[in-house]
Amino acid sequence: MTLRLYDTAARAVRDFVPLEEGKAGIYVCGLTVQSEPHVGHVRSAVNFDVLRRWLLASGYDVTFIRNITDIDDKILAKAAEQGRPWYNLAYVMKRELDKAYDDLHVLPPTYEPAATGHVPEMLELISLLIDRGHAYAAEDGSGDVYFDVQSWPSYGELTRQKVDDMEAAEDADPRGKRDPRDFALWKGRKDSEPETASWPSPWGRGRPGWHIECSAMAGKYLGAAFDIHGGGVDLRFPHHENEQAQSRAAGHPFASYWMHNAWITTSGEKMSKSLGNSLLVPNVLERVRGIELRYYMVAAHYRSHVEFSFEALEEAASGFQRIEGFLERVGPGAAGTLPDAFVAAMDDDLGTPAAVGVIHDVVRLGNKALAEGDHESAARHAGEVRAMLGVLGLDPADDHWATGGTNDLTAVVDALVQGLLEQRAEARAHKDFATADQIRDRIKAAGVTIEDTPSGPKWSV
RNA sequence: GGUGGGUUGGCCGAGAGGCGAGGCAACGGACUGCAAAUCCGUCUACACGGGUUCAAAUCCCGUACCCACCUCCA
């Protein structure tokens, strides 16, 4: 069975046929670094990280580009509001974002280009579009350059919209547009904007429009044609529609497949950036571990809306702990082979929910084997579980996660708990169960759970 | 106005014409000194109204409600 992916442009699941056999080029729209990342932002990164890991596991040589938008209207406005340089705001937020990605074990991309580092490439592309008759410098002297929507008949094809049905941009302020739907490729500098936020161009000083950066950077690192372009559903229009129009109008075939992840919502509403702090990644990670948050995200299909709640998150954490508990009971071991059912689920448009179902099925088989004393069989199942978790970035034995749960205090707690456990063992040996239970209750009240296993008692927080 | 998506059991979440995903919670049983963990079992749902079909959660028609996008958004 081959990998099949849902292509937004085709509105159907299609067999994945790469441009070059054995290789996959992926471009994912990263974030505009203007505020702290919340769980919704990170979902996109996790979803595409799973895609990447699955392609790797399937033997592809993957080039994965995820950009950073580090200059735009909002960054400038926020920085001005906070009285600090725009580049400082962008940089600090980028570092926050890197931390959040790392906390969720999102692999670093092959390269992470920033918009401000690619102005020459964008200017080149804009000039090409003007030469080909698909863009024009505003006639009002603003220094803006616009894409000429009417010059590109297939404009709207990605989202199946007709230009005439679209509402005009509200930001216009027509600023010399020929058609209200035309969008900015280059924004002439306004007097209110800092000098540092502008670059020289044939049309005067200015800064890039939002859409052109992705076309320019995707072209630079992946070539005129590449395999997969991804991002959140909200980006389909205008961002991706515009990207495709620009690149194709410039003569580039651009992406073969378009993939879009759905939202995480709260109270049925989209997670807006002004929603408050409770859903920022660091705050959510005070409630559950990173690996559990990742499991929560992976357990839902990437194209399904997820209604975020701490109840559901903690429930997911319980489910994950069941898997972890099994692996701990079996003990260390190497990753094994991937069960066919898992491969089939993943090949079917990254069917992670079904894949997670397979993990639980194998865990049950493994637990059963363990209960029957069949360690060989249990170890084989554990190997399969590790392999599956590895593909999803969820293997607890991965060094990346190991540091998260252990620190200096672990040894301290262990020493204290061990002392109490010895007292309890002694009491139990004398059948003094009242004392034994009292010790266990006290340990539990401190937040440590005791589990009696054939190899002696074990504790966990 | 245009475009796209959704509504599944106590809860979370899959599935996309027939053989009832899975998890969490709850309850019963096994194991245990008692627990915990684990295993076995129980709880058998698809917004509403029509239709097609031997067979519909799944396809068609209609209705209701919800969400997203329409040039700042993961």
Side-chain angles (χ1 to χ4, degrees), chain A residues 8 11 28-32 34 37-48 69 72-75 77 147 149 156 159-162 164-172 180-184 209-211 230-239 241-242 260-265 268-273 296 299-301 303-307 309 311-323 325-326 328-329 341 345 351-361 363-364 366-368 370-372 428 431-434 436-437 440-441 444 449-453 457-458 460:
Chain A
T8 306
R11 245 140 299 233
V28 175
C29 287
L31 288 183
T32 298
Q34 49 113 6
H38 59 234
V39 290
H41 291 130
V42 179
R43 179 183 189 192
S44 180
V46 168
N47 287 157
F48 287 104
T69 299
D72 87 324
D73 293 350
K74 273 207 166 173
I75 292 173
F147 183 87
V149 163
T159 48
R160 278 199 192 167
Q161 298 184 90
K162 297 190 186 99
D164 294 337
D165 289 335
M166 294 178 196
E167 288 174 358
E170 269 179 43
D171 72 322
R181 270 93 30 152
D182 289 350
F183 56 90
W210 176 37
H211 316 296
V233 277
D234 56 312
L235 295 181
R236 282 177 308 189
F237 192 90
H239 189 51
E241 187 73 67
N242 291 358
H260 293 98
N261 65 277
W263 295 88
I264 290 189
T265 57
E269 308 247 328
K270 149 189 194 173
M271 216 170 266
S272 93
K273 287 172 181 170
Y296 173 67
H301 188 85
R303 284 193 288 122
S304 293
H305 284 232
V306 169
E307 171 67 17
S309 72
E311 291 72 22
L313 179 61
E314 274 155 15
E315 205 175 84
S318 299
F320 184 72
Q321 284 159 21
R322 176 181 139 81
I323 299 169
F326 165 63
E328 274 168 29
R329 257 168 267 126
T352 53
V356 168
V358 175
I359 293 177
H360 280 286
D361 289 342
V363 166
R364 190 181 314 102
N367 274 327
K368 199 170 180 177
L370 223 42
E372 288 163 1
R428 289 179 76 200
K431 303 241 187 266
D432 180 3
F433 297 120
D437 290 352
R440 185 172 63 198
D441 290 346
K444 189 170 185 182
T449 308
I450 299 305
E451 222 181 282
D452 288 326
T453 73
K458 284 175 63 179
S460 57

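Residue numbers begin at 1 in each chain, while the letters A, B, ... track the order of the sequences. Because the structure is a prediction, the values reported are computed rather than measured.
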Chemist: Give none if B:rG9 has no partner; otherwise give the nucleotide forming a Watson-Crick or G-U wobble pair with it, both distances under 3.5 Å.
Modeler: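 For B:rG9, the partner nucleotide comes out as none, under the 3.5 Å rule.
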
Chemist: Tell me the partner of B:rA55, counting only Watson-Crick (N1-N3 plus N6-O4 or O6-N4) or G-U wobble (N1-O2 and O6-N3) with both under 3.5 Å; none if nothing fits.
Modeler: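 Its partner: none found.
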
Chemist: How far apart are the closest heavy atoms of A:P353 and A:A300, and which atoms are they?
Modeler: CG-C, 3.8 Å

Chemist: Side-chain donor-acceptor pair under 3.5 Å between A:Q34 and A:T32, yes or no?
Modeler: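 Result is no, nothing qualifies.
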
Chemist: With a 3.5 Å cut-off and heavy atoms only, can you find an N or O donor on one side and an acceptor on the other between the side chain of A:R440 and the base of B:rA35?
Modeler: yes

Chemist: Give a yes or no answer on whether the side chain of A:H41 reaches the backbone of A:H38 with a donor-acceptor pair at less than 3.5 Å.
Modeler: yes

Chemist: Output the distance between atom CD1 (A:I450) and atom CZ (A:R440), rounded to the nearest 0.5 Å.
Modeler: 8.5 Å

Chemist: Under the salt bridge (Lys or Arg N to Asp or Glu O under 4.0 Å) rule, what do A:K444 and A:D441 come out as? Steps first, then yes or no, please.
Modeler: CA-CA 5 Å; A:K444 189 170 185 182; A:D441 290 346; over 6 Å; no

Chemist: Rounded off to whole Å, could you give me the CG-to-P distance for the A:D452 and B:rG33 pair?
Modeler: 10 Å

Chemist: In whole angstrom, what separates A:D234's CG from B:rC70's P?
Modeler: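 Roughly 8 Å, once rounded to whole Å.
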
Chemist: Would you mind pulling out the nucleotide paired to B:rA68, Watson-Crick or G-U wobble, both distances under 3.5 Å?
Modeler: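 Partner of B:rA68: B:rU3.
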
Chemist: To the nearest angstrom, how far is A:R160 atom CZ from B:rC70 atom C1'?
Modeler: 17 Å

Chemist: Using purine N1 to pyrimidine N3 plus N6-O4 or O6-N4 for Watson-Crick, or N1-O2 and O6-N3 for G-U wobble, both under 3.5 Å, which nucleotide pairs with B:rC27?
Modeler: B:rG41

Chemist: Tell me, for nucleotides 16-30 of chain B in 5' to 3' order, what letter each nucleotide earns: B for a base near a protein heavy atom under 4.0 Å, S for only sugar-phosphate near one, - for neither?
Modeler: -----BSBB------

Chemist: Side chain of A:H305 only, heavy atoms from C-beta on: which candidate in B:rG33, B:rC67, B:rG2 is closest?
Modeler: B:rC67

Chemist: For A:G231, report the nucleic acid contact type (base, sugar-phosphate, nothing); a contact means any heavy atom under 4.0 Å.
Modeler: sugar-phosphate

Chemist: Minimum heavy-atom separation for A:V149 and A:D182, please, with both atom names.
Modeler: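 Reported closest heavy-atom pair: N-OD1, 2.9 Å.
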
Chemist: If we call it a pair only when both distances are under 3.5 Å in a Watson-Crick or G-U wobble match, what pairs with B:rC48?
Modeler: B:rG62

Chemist: Between B:rG10 and B:rG5, how far is it from one C1' atom to the other, in whole Å?
Modeler: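 Rounded to whole Å, the distance is 27 Å.
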
Chemist: Roughly how far apart, to the nearest Å, are B:rG13 and B:rC34 at atom P?
Modeler: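 Result for the P pair: 39 Å, nearest Å.
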
Chemist: Between the base of B:rC72 and the side chain of A:K74, is one N or O donor paired with an acceptor at under 3.5 angstrom?
Modeler: yes

Chemist: Quantified in whole Å, what is the C1' atom distance between nucleotide B:rA45 and nucleotide B:rG51?
Modeler: 23 Å

Chemist: A side-chain contact here means heavy atoms from C-beta on lying under 4.5 Å apart; do A:Q321 and A:E328 qualify?
Modeler: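 Not in contact.
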
Chemist: Does A:D73 reach a base, just sugar-phosphate, or nothing at all? Heavy atoms under 4.0 Å.
Modeler: nothing

Chemist: How far does the C1' atom of B:rG20 sit from the matching atom of B:rG9, given to the nearest Å?
Modeler: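 Straight-line distance between the two C1' atoms is 12 Å.
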
Chemist: What are the two closest heavy atoms between A:R329 and A:L370, and how far apart are they?
Modeler: CB-CD2, 3.6 Å

Chemist: How far does the P atom of B:rA21 sit from the matching atom of B:rU8, given to the nearest Å?
Modeler: 16 Å

Chemist: Please state how far atom CZ in A:R181 lies from atom P in B:rG2, giving the value in whole angstrom units.
Modeler: 15 Å

Chemist: Can you check the A:L370 CG to B:rC31 P distance for me, whole Å?
Modeler: 18 Å

Chemist: Ignoring the backbone of A:L235, work out which of B:rU71, B:rA74, B:rU3 is nearest its side chain.
Modeler: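 Selected nucleotide: B:rA74.
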
Chemist: Please classify the nucleic acid contact of A:R43 as base, sugar-phosphate, or nothing, using heavy-atom distances under 4.0 Å.
Modeler: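 Since no nucleic acid heavy atom lies under 4.0 Å of A:R43, the category is nothing.
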
Chemist: Nearest of B:rG2, B:rC39, B:rU71 to any side-chain atom of A:N242?
Modeler: B:rU71

Chemist: Between A:S304 and B:rG6, does any side-chain N or O lie under 4.0 Å from OP1 or OP2?
Modeler: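 So the side-chain polar atoms of A:S304 never come under 4.0 Å of the phosphate oxygens OP1 or OP2 of B:rG6.
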
Chemist: For A:F147 and A:F183, take the angle between the two ring planes, folded into 0 to 90°, and tell me which bin it lands in: parallel under 30, tilted 30 to 60, perpendicular over 60.
Modeler: parallel

Chemist: Give me the atom names and distance for the closest heavy-atom approach of A:Y296 to A:A316.
Modeler: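 Taking A:Y296 first and A:A316 second, the nearest heavy atoms are CD1-CB, 3.8 Å.
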
Chemist: Closest nucleotide of RNA chain B for A:G232 versus for A:A434: which of these residues is on the 5' side?
Modeler: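 First, find each residue's nearest nucleotide; the 5'-ward one identifies A:A434.
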
Chemist: Measure NE2/A:H239 against P/B:rA74 and give the value in whole Å, please.
Modeler: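 After rounding, the gap between these two atoms is 9 Å.
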
Chemist: For A:R329 and B:rA36, give me the distance from atom CZ to atom C1', rounded to whole Å.
Modeler: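 The distance from CZ of A:R329 to C1' of B:rA36 comes to 11 Å, rounded to the nearest Å.
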
Chemist: C1' atom, B:rC11 versus B:rA26: distance in rounded Å?
Modeler: 11 Å

Chemist: With rounding to whole Å, what would you report as the distance between B:rU58 and B:rA14 at their C1' atoms?
Modeler: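 These two C1' atoms come out 13 Å apart once rounded.
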
Chemist: Any N or O donor-acceptor pair linking the side chain of A:R428 to the base of B:rG33 at under 3.5 Å?
Modeler: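 Check passes, donor-acceptor contact within cut-off.
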
Chemist: Have a look at A:G30 and say if it touches a base, only the backbone sugar-phosphate, or nothing, with a 4.0 Å heavy-atom cut-off.
Modeler: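 Sugar-phosphate contact only.
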
Chemist: Counting any heavy atom closer than 4.0 Å, what does A:H260 reach on the DNA or RNA strands: base, sugar-phosphate only, or nothing?
Modeler: nothing

Chemist: Taking the C1' atom of each, how far is B:rC43 from B:rG18, in whole Å?
Modeler: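 About 24 Å, rounded to a whole number of Å.
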
Chemist: Kindly say if A:N367 contacts the phosphate of B:rC39, meaning a side-chain N or O under 4.0 Å from OP1 or OP2.
Modeler: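 Yes, such a contact exists.
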
Chemist: Let me know, please, whether A:V363 or A:N261 comes out on the 5' side of the other along RNA chain B by nearest nucleotide.
Modeler: A:V363

Chemist: To the nearest angstrom, how far is A:E307 atom CD from B:rG13 atom P?
Modeler: 8 Å

